[in-house]
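Some notes on the structure that comes next.
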Amino acid sequence: MNLSTIVNVKRPTSLDEVQGWHDGCSWLAGGTWLFSEPQVAVDTLIDLDRLGWAPLTVTEAGLEIAATCRVVELHAFAGLAEWHAVPLFRQCIDSFLMSFKIWNAATIGGNVCMSLPAGAMISLTAALEGVCTLWPRGGVPRTVPVAEFVTGNHANVLQPGELLRSIHLPAAALTKRTAMRQISLTKFGRSAALIIGTVGQDGTDFLLTVTAATPKPVQLRFPACPSADALRAALDARLPPDAYFADVHGSAPYKRHVTQYLAEQIRTELA
């Protein structure tokens with residue numbers, strides 16, 4: 001879609017070149033959502049492409065995913081032999097409601113910053129205990145866990161002009177065993193629930209991450225894989241009936257039911 005309100009497009013090679021931020025400015029990465037509908041409040045686009053950030057950086061501490069990393073680049077990532085969680089990357093990407101053309105343009109940071117309940121990259125990075133690095137305008141960089149970055153449907157902690165620079169996935173999370181379940185009302189529909197469980201190779205540190213069924217990620221952590229009763233009790237305590245996100249992709253009672261059902265499947269698989 002043509003954005004008829006745009007009067008200026010900036011292509012900086014350094015963020016120091018970005019001056020005079022105002023309410024009409026918008027960061028541009030993949031642009032797959034930005035160009036999908038009118039942006040009447042936006043008059044200036046600041047293209048991040050020429051900043052030249054490496055999409056994926058492997059270190060002893062884990063994996064650094066640049067906000068500008070394309071979905072297709074993460075899908076092709078093989079990772080280290082001991083990073084048993086890497087197949088989860090493709091599982092989450094395959095749950096996207098998108099065409100291959102979107103894959104080649106959409107960015108990981110864009111999906112996270114959209115902060116929709118069914119954002120599959122939110123599900124992935126939250127489940128793998130990702131931490132966002134945020135660059136404020138003229139301020140000191142700060143870090144926020146992905147699970148706390150998203151605060152509700154299409155809402156997050158970003159301040160005006162603040163930029164998501166990268167997401168760090170710690171090596172400890174990447175070495176864990178994983179299980180994922182996803183369900184939609186229709187075969188190729190948006191996720192009504194996307195649930196991910198992770199557990200250490202020794203059976204300790206069980207983490208269940210609930211997304212799509214809730215406005216923001218909800219995580220339940222146990223020292224080891226819990227019993228069925230313990231997991232059900234924890235879900236009921238953390239997610240009462242009114243905590244689920246009702247929309248055209250599923251009612252709150254439906255999402256509550258499938259969350260509990262899929263969570264038990266994950267528990268059984270990882271036990």
Side-chain angles (χ1 to χ4, degrees), residues 15 18 21 23 25-30 33-34 46 48 51 53-71 73-74 77 83 85 88-89 92-93 106-176 178 194-198 205 207-221 238-239 243 245:
L15 288 183
V18 180
W21 182 275
D23 289 342
C25 290
S26 176
W27 300 111
L28 169 63
W33 174 79
L34 194 64
I46 303 172
L48 302 175
L51 294 176
W53 296 338
L56 298 163
T57 304
V58 176
T59 68
E60 291 184 359
L63 177 66
E64 199 77 16
I65 305 173
T68 50
C69 175
R70 312 289 175 181
V71 170
E73 293 171 314
L74 190 64
F77 179 71
W83 287 0
L88 185 65
F89 294 8
C92 287
I93 290 170
T107 62
I108 307 305
N111 187 255
V112 172
C113 289
M114 278 295 293
S115 302
L116 298 176
M121 296 300 92
I122 298 169
S123 307
L124 171 67
T125 54
L128 294 180
E129 303 171 54
V131 177
C132 301
T133 295
L134 308 181
W135 284 1
R137 296 294 304 148
V140 178
R142 61 185 179 121
T143 57
V144 180
V146 175
E148 298 174 15
F149 176 85
V150 179
T151 57
N153 177 30
H154 203 33
N156 56 52
V157 301
L158 284 173
Q159 299 299 310
E162 194 167 32
L163 178 64
L164 171 61
R165 169 60 181 88
S166 62
I167 301 170
H168 176 74
L169 304 183
L174 289 165
T175 60
K176 296 171 87 173
T178 67
L194 200 163
I195 320 296
I196 299 172
T198 66
D205 193 21
L207 179 66
L208 186 78
T209 303
V210 178
T211 57
T214 50
K216 59 182 180 180
V218 174
Q219 294 186 307
L220 302 174
R221 191 183 292 272
R238 186 71 182 277
L239 288 171
F245 181 67

Practice problem: Check the surroundings of atom CG in Asp23: do more than 12 heavy atoms from other residues, nucleotides or ligands lie under 6.0 Å from it? | Solution: no

Correct closest heavy-atom pair for His168 and Glu64 would be ND1-OE1, 3.0 Å

Check: Thr214 and Arg238 side chains under 4.5 Å, non-hydrogen atoms: no

Distance col, row Leu34:CG vs Leu28:CG, nearest 0.5 angstrom, shows 6.0 Å

Check your understanding: Are the side chain of Gln159 and the backbone of Val157 linked by a donor-acceptor contact shorter than 3.5 Å?
Key -> yes

Would a 4.5 Å heavy-atom cut-off, applied to side chains only, mark Leu174 and Phe89 as touching?
yes

The single option from Val131, Ile122, Val112 that satisfies side-chain contact (heavy atoms from CB on, under 4.5 Å) with Phe149 is Val112

In this structure, NE2 of His154 is separated from CE of Met114 (nearest 0.5 Å) by 4.5 Å

**OP:** For side chain to side chain contact (heavy atoms under 4.5 Å, CB included), just list the numbers for Ile93 and Met121, CA-CA rounded to whole Å, side-chain angles, deciding distance to a tenth of an Å, and then say yes or no.
**Re:** CA-CA 7 Å; Ile93 290 170; Met121 296 300 92; 3.6 Å; yes

(request) Side-chain contact test, heavy atoms from C-beta onward, threshold under 4.5 Å: evaluate it for Ile108 versus Leu124 and give yes or no. (result) no

Heavy atoms of Val150 and Pro215 approach each other most closely as CG1-O, 4.3 Å

* Stepwise side chain to side chain contact (heavy atoms under 4.5 Å, CB included) check, Leu163 with Leu48 -> CA-CA 10 Å; Leu163 178 64; Leu48 302 175; 3.8 Å; yes

Between Leu158 and Leu164, the two heavy atoms sitting closest are CD2-N, 4.4 Å

- request: Decide side chain to side chain contact (heavy atoms under 4.5 Å, CB included) for Leu128 and Leu63; before the verdict, give the C-alpha distance in whole Å, the side-chain angles of both, and the deciding distance to 0.1 Å.
  value: CA-CA 11 Å; Leu128 294 180; Leu63 177 66; over 6 Å; no

Mutual orientation of the aromatic rings belonging to Phe77 and Trp83 [parallel < 30°, tilted 30-60°, perpendicular > 60°]: tilted

Heavy-atom nearest pair, Gln219 first then Leu207, reads NE2-CD2, 3.7 Å

Decide yes or no for Val18 and Arg137: does some side-chain heavy atom of the first lie under 4.5 Å from some side-chain heavy atom of the second?
-> yes

Between the CZ atom in Arg142 and the CG atom in Leu134, the distance rounded to the nearest 0.5 Å is 5.0 Å

Item to check | Full working for side chain to side chain contact (heavy atoms under 4.5 Å, CB included) between Ile196 and Cys92 | outcome: CA-CA 10 Å; Ile196 299 172; Cys92 287; 3.8 Å; yes

Keeping Ser166 on the side-chain end and Thr133 on the backbone end, is there a donor-acceptor pair under 3.5 Å? no

For Pro136 and Pro141, the nearest pair of non-hydrogen atoms, with its separation, is CD-CA, 3.9 Å

* Taking the side chain from Glu73 and the backbone from Arg70, do they hold a donor-acceptor pair closer than 3.5 Å? -> yes

Of all heavy-atom pairs linking Cys132 and Val146, the shortest is SG-CG2, 3.7 Å

Would you call Leu116 and Trp33 a side-chain contact if the rule is heavy atoms closer than 4.5 Å? no

Check residues 54-61 and write down every donor-acceptor pair under 3.5 Å in which the side-chain atom is one partner and the other belongs to a residue at least two apart or another chain.
residue, atom, partner, partner atom, Å
Thr59, OG1, Ala61, N, 3.2
Thr59, OG1, Gly62, N, 3.4
Thr59, OG1, Gly62, O, 3.4

In Ile46, Thr68, Leu15, the residue satisfying side-chain contact (heavy atoms from CB on, under 4.5 Å) with Leu51 is Leu15

Check your understanding: Short question: side chain of Ser115, backbone of Cys113 - any donor-acceptor pair under 3.5 Å?
Key -> yes

